[in-house]
Amino acid sequence: MCRAAPCPDPISLNHAICGNNNITYPSTCHLRRATCFLGQSIGVQHYGSCAALNKYSLDTDEAEENYI
């Protein structure tokens, strides 16, 4: 059963988490809710915005930011 109550708003973007689906979640709560509602596992790729790591990648010309 998925959490019925909404996740609290994060105090800052310092709590952002990049899921292994390349979507930035505001907090671990938001990532867990997405995992539950989508019915599939979403792992943590790294802490922080997904775009933060992509900005320094040599494989991409433009970093695309995806936020929930």
Side-chain angles (χ1 to χ4, degrees):
M1 179 173 233
C2 296
R3 176 185 165 123
C7 293
D9 289 333
I11 297 170
S12 72
L13 290 178
N14 293 337
H15 293 99
I17 294 178
C18 179
N20 60 6
N21 58 355
N22 290 323
I23 295 177
T24 301
Y25 296 91
S27 69
T28 55
C29 178
H30 290 87
L31 185 137
R32 284 192 303 266
R33 279 185 55 125
T35 295
C36 184
F37 286 117
L38 292 174
Q40 63 187 36
S41 178
I42 302 171
V44 175
Q45 187 170 344
H46 62 86
Y47 292 93
S49 167
C50 292
L53 187 62
N54 291 337
K55 285 182 184 177
Y56 302 104
S57 173
L58 299 175
D59 296 334
T60 58
D61 295 327
E62 277 296 315
E64 183 177 324
E65 230 172 299
N66 293 316
Y67 280 93
I68 291 289

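Because the structure is a prediction, the values reported are computed rather than measured.
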**OP:** Just jot down the side chain to side chain donor-acceptor pair (under 3.5 Å) partners of T35, sequence neighbours excluded, or say none.
**Re:** none

Original post:
What heavy-atom pair brings S49 and A16 nearest, and what distance separates the two atoms?
Top reply: N-CB, 4.2 Å

**OP:** Return the minimal non-hydrogen interatomic distance between Q45 and G19, and the atom names on each side.
**Re:** OE1-O, 3.2 Å

Subject >> Separation between CD1 of I42 and CG of L31, rounded to the nearest 0.5 Å >> reply: 5.5 Å

Subject >> side-chain contact (heavy atoms from CB on, under 4.5 Å) partners for C36, two or more places apart >> reply: C2

**OP:** Taking the side chain as every heavy atom from C-beta outward, state whether I17 and T28 have any pair of such atoms under 4.5 Å apart.
**Re:** yes

Original post:
With distance as the sole test, does N20 use its side chain to make a donor-acceptor pair with the main-chain N or O of G43 at under 3.5 Å?
Top reply: yes

Subject >> Side-chain donor or acceptor of R33 paired with backbone N/O of A5 under 3.5 Å >> reply: yes

